[in-house]
Structures are given as C-alpha cells and as structure tokens.
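Okay, so here's the structure we're looking at.
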2 protein chains.
Amino acid sequence: MRQIIEERTGSHSRHPASSEPHIAHMRFTAHATVLHEGDPARRIMEVVEGAVMLTKLLPDGRRQVVELLGPGDVFGLAACDVYACSAETLTAAIITTHERGALDRDPTLAARLLRRFEAQLCAMHSHALVLGRMSALERVAFFLLRLTPESVVGSTLHLSMTRQEIADFLGLTLETVSRAFSELKRRGLVALLRADEVKIHDHGSMRRLAGAA
Amino acid sequence: MRQIIEERTGSHSRHPASSEPHIAHMRFTAHATVLHEGDPARRIMEVVEGAVMLTKLLPDGRRQVVELLGPGDVFGLAACDVYACSAETLTAAIITTHERGALDRDPTLAARLLRRFEAQLCAMHSHALVLGRMSALERVAFFLLRLTPESVVGSTLHLSMTRQEIADFLGLTLETVSRAFSELKRRGLVALLRADEVKIHDHGSMRRLAGAA
DNA sequence: TCCGCGATTTGATGTAGCTCAAGCTTAGAG
DNA sequence: CTCTAAGCTTGAGCTACATCAAATCGCGGA
C-alpha cells in the first residue's frame, strides 16, 4: 500500500532526506534521531505512523521536550533557515517529507498542513498553560489524559517515554514526576501496572486535576 | 488605503464579526476583548496593526498569556468548534477576519497563513523552553529581547503590558517580574526609564542570559 | 537461574520563587 | 496643585519543587 523506501536505525539518521530528495517515506526504529536543531531546514516532515518528540536544548544542557507528535502531525519547522527543534522517535515510526516549495504548488497539501498546524498550535497553547501555571501533580494528570489514542491499549496507557523524557516535557525533574505518579496511585486515581503502563481508575478526579480542559 | 469599517472600544466587542460577515477590518482601542475562550469559533482573525495577547484561564482563575501577537499574526483558532483562547488588545489595533471556509477556497490566503502558522508554532516552541526550563531572570531577559520591533522606539523598548500581564506570559508572579527588572538594572544590563520603558545597555549579557537563542 | 545495569522510587535537605504585607510612584481628575 | 487610585517596588517568611543520595526494581544476557 504505502511506499516505504528506506530503513533508518539508531541515531545516525541526520536530515536523512536532504541528500536523496526523491524519497517519500522513511522508516525509523524507536529512539532514532530524525533531525537536529540548527541543521539547514530543507524539508517539512510529517509523521505517518508512530510517535515523535521535538526537543530544544539550552547551551548548558537543560532540555525541553516542546511537542509530542503522532500520525498526521507536522515537524521540521524553522523560524529562519535552520530547524528550530531536534526530532527523535519514541517508537518505531514512518515519516514522510515534503519540499518546502511544494507548499505553494500543492494547495491540497497546504490545506491539510494548515489544519494540522492549527491543531498543533492549539495544543501548544494548552501546553503553555500547563508549563506556566500548573502544579506538578496537575501536569502529570494532564499528561496522562492527553496521551494519544495510539498509546491506549485496552484500558491501559502505554507510556513510550522514560521519567526523564516526561519530566522534560512537563518542565519538572524525573524525581518529581515519579513522586507525582506515586501520589496519584496513593490517592487511587491510577494504577501502575509497570513503570510504563498506567491504568486510570478515576477519570473524573483526573480531569478535575488537569483543569477540566 | 485600508478599508476600515467599524470602530470598537472597551470590552463590549464579543466575536464582533459573527453577525456581520461582510466586515473586512475592525478597529479596537487598547484593552479591548476581541474574543472569548469557549465562544463558537466562526472566523479566523489576523492582526493588521497593533498588539494582541491570547490568554487561557483555569477554573480557579489562574491565567496564562499563551501568545503575544503583532501585525500579520493569526488567532481565533480552535481545536474543536470553540475558540481555544481569549484575545485582548494590548494597544489600539486593527483586526481583519476570514471565514473558515475561505481557507480551502483561497490558496493565496492559505499559503500566507501557513507561513505565519509556522512562525507562530516556532515561537511557541521557544516559549515552551522558556516556561519549562528557564529561571525568572532568564525569562525576563528573553521577554525583553523578543519584544516586537514595533515596540522599539529609538533605543528604548516600550512595554505595553503591566507587570501582571508579563508575569502571566512568563509563568511568574508580578512580584518576581518586578524583582527581576530590579536585578537586571542593578547588574547594569538595562535601565528603567519608567515602569514601562526599558533601555537595554548590555545586549551581549542579555543574550547570554536568554540562552543565546 | 543468576547477574548487572539502567530506570525508578524514596528519603533528606536546599532554594527559587510564591505569598502576604507595607510603602512608593505616577498619572489623571478636580 | 492636591488628592486619589492603580500599578510598582521591596521586605520577610513559607512552600513546592529541585538537588543530592541511597535503595530497589526489572529486564536482557551469560
């Protein structure tokens, strides 16, 4: 069905499409680097399948996971001519790319990306509220409720992120994230089947914690 | 030159275009509410002139200013069918609106908005890094360096926001913002001509504080 | 099965920024 | 010019989260 041309693994996949502009889809393993903040921004990318995180670094090494992406989401953006964020896969993933010029030539593509940008911008607005104004417990509750439908298997959520990655997404430390999970468990709002498998028991309380958003 | 049809003042201007879809441009005074979070999302809006802030509220009243907009920036977005943020003018402003359906019909408009969405999404990514990982002093330095060119008069910046608004943008309290201004002044990085007029003396140090971004 | 290592949890202590509480500054009205 | 009120600054103490430091868990390989 889908045209899969290349297989990329590990972290050796820097701006993979730049040298082979004809490639339509690329397959990545989990924990692969798709592109680096600061590299020349040649193409716009789209998640076809899997999960990707966008990160930004400060010179001293502090990291922020700025966005979590699922199928349909767009990345590889640039304010000037270099990528504004790095992108890493969280799971095995399939990525497709578009030439930047194609946005002007292909109105259908433009319309689709426009819709997706709107959704992603709204998600960023919510995230700003989380980062700027919510307590640690509220942030973790919000995070669990916002996990993509893809990560829900039966009634349990599968987190494909470490505590450190969650912490970097929520603007916390890994210890604080861990304590928040324990506190939610202690209060009976969730059960931790394993470190990366969560079952939500009390959706109402969780939603109240997360700001009823 | 520009077609100005309506004059709106104060906070009585709720989704002003919804009942008069033929209106192209609207003029607002400073501190006017352009639209409310949660109202039906009928139109997409664009800042023509002036400055607008987008805010989100939590049920208990905590507020986050999620985005600061200048000429060309787009707002009035919705993840579902209601506006995700409220919008208030910071200065006198001129706003234009587009029917949501026009995005599909008008490829030129779509292309323009696409470019702007990309820029705004990149700005949100930076803002996430600020909110999630920067100290109070760094946030304020970042804020001062990112003020729109419009607010720069000669060599001094004119802040059209109160300490509370800046605090809500940076995820701080107004006291902490005030202390950060005082600290920057004490260190000789800026001069405070008035509460709302700042002159940057040491751009290098400011840029270093703001993460050299 | 046992071992080893990375990830997680938990505990003890430190601190940046929040909260509460005065004063101070400034612009606008009378 | 004086008065007032809104906004700003500064101080003192508190608290949520960070930091530092051990355990403990759990999975892949021998």
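Labels below follow one simple rule: chain letters A, B, ... track the order of the sequence lines, proteins then strands, and each chain is numbered from 1.
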N/O donor-acceptor pair under 3.5 Å between A:R62 side chain and B:R133 backbone: yes
- line: Axis-to-axis angle across the helix from C:dT1-D:dA30 to C:dG30-D:dC1, five pairs each end, nearest 10 degrees, ~ 40°
statement: Residue pair A:R133/A:V177 against DNA chain C: nearer the 5' end by closest nucleotide is A:V177
query: Under 4.0 Å between a side-chain N/O of A:T162 and OP1 or OP2 of C:dG6, yes or no?
result: no
query: To the nearest Å, how far apart are B:L192 CG and C:dT25 C1'?
result: 13 Å
message: Tell me the interatomic distance from B:F181, atom CZ, to D:dT10, atom P, rounded to whole angstroms.
response: 13 Å
task: State whether A:T176 places a side-chain N or O below 4.0 Å from either non-bridging phosphate oxygen (OP1 or OP2) of D:dC17.
output: no
- prompt: How close or far is atom P of D:dC17 from atom CE of A:M134, stated in whole angstroms?
  reply: 13 Å
message: Regarding B:L174, tell me which of base, sugar-phosphate or nothing describes its non-hydrogen contacts under 4.0 Å with the strands shown.
response: base
- prompt: Think B:S178 has a side-chain N or O under 4.0 angstrom from the OP1 or OP2 of D:dC8?
  reply: no
- request: Can you figure out which of C:dT10, D:dA18, C:dG17 approaches the side chain of B:A136 most closely?
  value: C:dG17
query: How close or far is atom P of C:dC20 from atom CD of B:E175, stated in whole angstroms?
result: 10 Å
query: In whole angstrom, what separates A:L193's CG from D:dC25's P?
result: 17 Å
message: Whether A:R194 contacts D:dG26 is assessed here as follows: a side-chain N or O lying under 4.0 Å from the phosphate OP1 or OP2. Is that the case?
response: no
message: With a 4.0 Å limit, can you tell me whether B:T173 has a side-chain N or O closer than that to the phosphate oxygens OP1/OP2 of C:dG17?
response: no
statement: Between A:A195 and A:R179, the residue closer to the 5' end of DNA chain C by nearest nucleotide is A:A195
field: Length of the line joining B:R139:CZ and C:dC18:C1', which is rounded to integer Å
entry: 13 Å
- line: From CE of A:M161 across to P of C:dA7 the rounded distance in Å is 14 Å
- request: Return yes if a side-chain donor-acceptor contact under 3.5 Å exists between A:K199 and A:S155, otherwise no.
  value: yes
field: Salt-bridge present (B:R115, B:E118; N to O < 4.0 Å)
entry: no
message: Is it the case that the side chains of B:E88 and B:H31 hold a donor-acceptor pair, with the cut-off being a distance below 3.5 Å and no angle test?
response: no
- request: Would you mind checking if B:E46 and B:R112 are paired as a salt bridge, meaning a charged N to carboxylate O distance below 4.0 Å?
  value: yes
query: With distance as the sole criterion, is a donor-acceptor pair present between the side chains of A:E138 and A:S135 under 3.5 Å?
result: yes
statement: note: A:R163, atom CZ; D:dA18, atom P; distance rounded to Å ~ 15 Å
query: Is any NZ, NE, NH1 or NH2 atom of the basic residue among A:R179 and A:E175 found under 4.0 Å from an Asp or Glu carboxylate oxygen of the other?
result: no
